[in-house]
Amino acid sequence: MTITIYHNPDCGTSRNTLAIIRQSGEEPEVIEYLKTPPSRERLVELIAAMGMTPRDLLREKGTPYAELNLGDPKWSDGEIVDFMLAHPILINRPIVVTPLGVMLARPSEAVLDILPNPQIGAFTKEDGEVVIDAEGKRVI
C-alpha cells in the first residue's frame, strides 16, 4: 500500500499530518512539492480527485497571490494551474493520497478519514492540541 504526502517541512499542518500518517504505521512517500512540484497532469488529477477547483487549492498567505491578482475572477482554471506550476508555494498543503482517497489535509487530523489504519493511539499536535486522547478517541 502506498501513501503519498505532498509536503512542506516548514508548515506545521504538514508536519502534523506526516506525523499522524507515520503513527498509523505507514511510511509515506514524501514529496517536498516546493522542490519537486507535480506535473501539470498530476496536479490536475489531484485537484479532480479532491473534488475541488484549482482556485479552491490556492494558498494566499505567504505567497505571491496578491501581487499576481489571483483573487480576480478573470483567471480561468487552466491559468490558475499555470500560476501554481510557476509558483508552487501557491499550492495549498498538505495533499495526501491513500488507497482510500485524496484530500487536502487541513486540519491535519482530517487525514484520519482516508488512512487505512486510523487507530493510531494518543496523538497531540506540535502546538499541544490533543487530536486523539489516551483512550484512542478522536477529540473534536
Side-chain angles (χ1 to χ4, degrees):
M1 167 180 354
T2 302
I3 295 176
T4 303
I5 179 171
Y6 290 85
H7 177 62
N8 179 347
D10 293 331
C11 170
T13 300
S14 196
R15 288 190 307 270
N16 283 317
T17 302
L18 180 56
I20 290 169
I21 294 167
R22 286 180 169 153
Q23 192 162 327
S24 80
E26 299 290 338
E27 183 53 42
E29 175 185 7
V30 178
I31 298 173
E32 290 189 32
Y33 73 96
L34 295 177
K35 294 179 182 176
T36 309
S39 68
R40 176 183 197 74
E41 179 182 42
R42 182 65 176 147
L43 182 57
V44 169
E45 287 172 357
L46 291 167
I47 292 167
M50 291 185 288
M52 303 175 100
T53 67
R55 191 170 293 279
D56 294 335
L57 190 60
L58 274 175
R59 179 168 177 82
E60 295 180 37
K61 183 179 168 190
T63 74
Y65 179 92
E67 297 84 53
L68 295 170
N69 195 28
L70 294 178
D72 190 321
K74 73 179 181 180
W75 303 115
S76 70
D77 284 353
E79 289 169 322
I80 296 291
V81 169
D82 290 339
F83 282 116
M84 289 181 188
L85 294 170
H87 308 277
I89 193 68
L90 288 166
I91 301 170
N92 211 342
R93 77 288 177 155
I95 299 171
V96 179
V97 181
T98 79
L100 301 178
V102 180
M103 72 165 17
L104 175 63
R106 299 191 75 81
S108 55
E109 60 270 22
V111 76
L112 292 165
D113 293 338
I114 61 167
L115 287 180
N117 178 25
Q119 303 303 317
I120 65 171
F123 186 83
T124 302
K125 291 182 183 182
E126 290 178 0
D127 65 3
E129 180 184 353
V130 176
V131 174
I132 299 178
D133 66 20
E135 287 80 45
K137 295 181 183 155
R138 205 165 164 177
V139 177
I140 298 183

Q: Please step through side chain to side chain contact (heavy atoms under 4.5 Å, CB included) for the pair Asn92 and Glu60, ending with a clear verdict.
A: CA-CA 8 Å; Asn92 211 342; Glu60 295 180 37; over 6 Å; no
Q. Under 3.5 Å, side chain of Asp77 to main-chain N/O of Pro54, donor-acceptor pair present?
A.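 Side chain of Asp77 to backbone of Pro54, a donor-acceptor pair under 3.5 Å: no, none is there.
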Q: Could you walk me through whether Met50 and Asp56 pass side chain to side chain contact (heavy atoms under 4.5 Å, CB included), step by step?
A: CA-CA 10 Å; Met50 291 185 288; Asp56 294 335; over 6 Å; no
Q. Should we say atom CD of Glu41 is surrounded by more than 12 heavy atoms from elsewhere, each under 6.0 Å from it?
A.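 For Glu41, atom CD is not crowded (no more than 12 foreign heavy atoms under 6.0 Å).
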(Q) Tell me whether Lys74 is salt-bridged to Glu79, with the criterion being a basic N under 4.0 Å from an acidic carboxylate O. (A)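 Glu79 and Lys74: not salt-bridged.
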Q) So, are Arg138 and Glu109 salt-bridged, with charged N and O less than 4.0 Å apart? A)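 Salt bridge flag = no for Glu109 with Arg138.
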(Q) What's the separation between atom NE2 in His7 and atom NZ in Lys35, rounded to the nearest 0.5 Å? (A)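 Rounded to the nearest 0.5 Å, the NE2-NZ separation comes out at 9.5 Å.
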Q) Can you hop from Ile21 to Leu100 via hydrophobic side chains spaced under 4.5 Å? A)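 Both belong to a single hydrophobic cluster.
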(Q) Apply side chain to side chain contact (heavy atoms under 4.5 Å, CB included) to residues Phe83 and Leu68 and explain how you reach the verdict. (A) CA-CA 9 Å; Phe83 282 116; Leu68 295 170; 3.9 Å; yes
Q | Stepwise side chain to side chain contact (heavy atoms under 4.5 Å, CB included) test for Arg22 and Val30 | A | CA-CA 11 Å; Arg22 286 180 169 153; Val30 178; 4.1 Å; yes
Q.
Quick check for you: to the nearest 0.5 Å, what is the distance between Thr53 atom OG1 and Ile47 atom CD1?
A.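 Those atoms lie 8.0 Å apart.
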**Q.** CZ-CG distance between Phe123 and Leu112, expressed to the nearest 0.5 angstrom
**A.**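 The distance works out to 9.0 Å.
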Q | Verify same cluster id: Leu115, Leu104 (apolar side-chain graph, 4.5 Å) | A |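 Hydrophobic grouping puts Leu115 apart from Leu104.
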Q | Approximate separation, where rounding is to 0.5 Å, of Arg55 CZ and Ile80 CD1 | A |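 Separation between the atoms: 4.0 Å.
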Q) Side-chain heavy atoms under 4.5 angstrom apart, residues restricted to Ile, Leu, Val, Met, Phe, Trp, Tyr: same cluster for Ile20 and Ile5? A)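 Result: yes, single cluster for both.
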Q: Check for a donor-acceptor pair, side chain of Arg93 on one end and backbone N or O of Arg59 on the other, with a separation under 3.5 Å.
A: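 Not a single qualifying donor-acceptor pair exists.
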Q) Does any non-hydrogen side-chain atom of Ser24 lie less than 4.5 Å from one of Val111? A)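 SC-SC contact between Val111 and Ser24 ruled out.
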Q. Ile31, Leu90: one ILVMFWY side-chain cluster at the under-4.5 Å cut-off?
A.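 In one cluster with Ile31: Leu90, yes.
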Q) Hey, is the main chain of Val97 close enough, under 3.5 Å, to the side chain of Thr4 for a donor-acceptor pair? A)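 Side chain of Thr4 to backbone of Val97: no pair is present.
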Q) Given the rule that I, L, V, M, F, W and Y join up when any side-chain heavy atoms are under 4.5 Å apart, are Met103 and Met84 in one cluster? A)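 Met103 does not cluster with Met84.
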Q: Would you check if Thr63 and Leu70 make a side-chain contact, meaning some heavy-atom pair closer than 4.5 Å?
A: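 Side-chain contact under 4.5 Å: no.
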Q: Verify the distance criterion only: is there a donor paired with an acceptor across the side chains of Thr13 and Asn16 at less than 3.5 Å?
A: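 No pair is found: no donor N or O on one side chain lies under 3.5 Å from an acceptor on the other.
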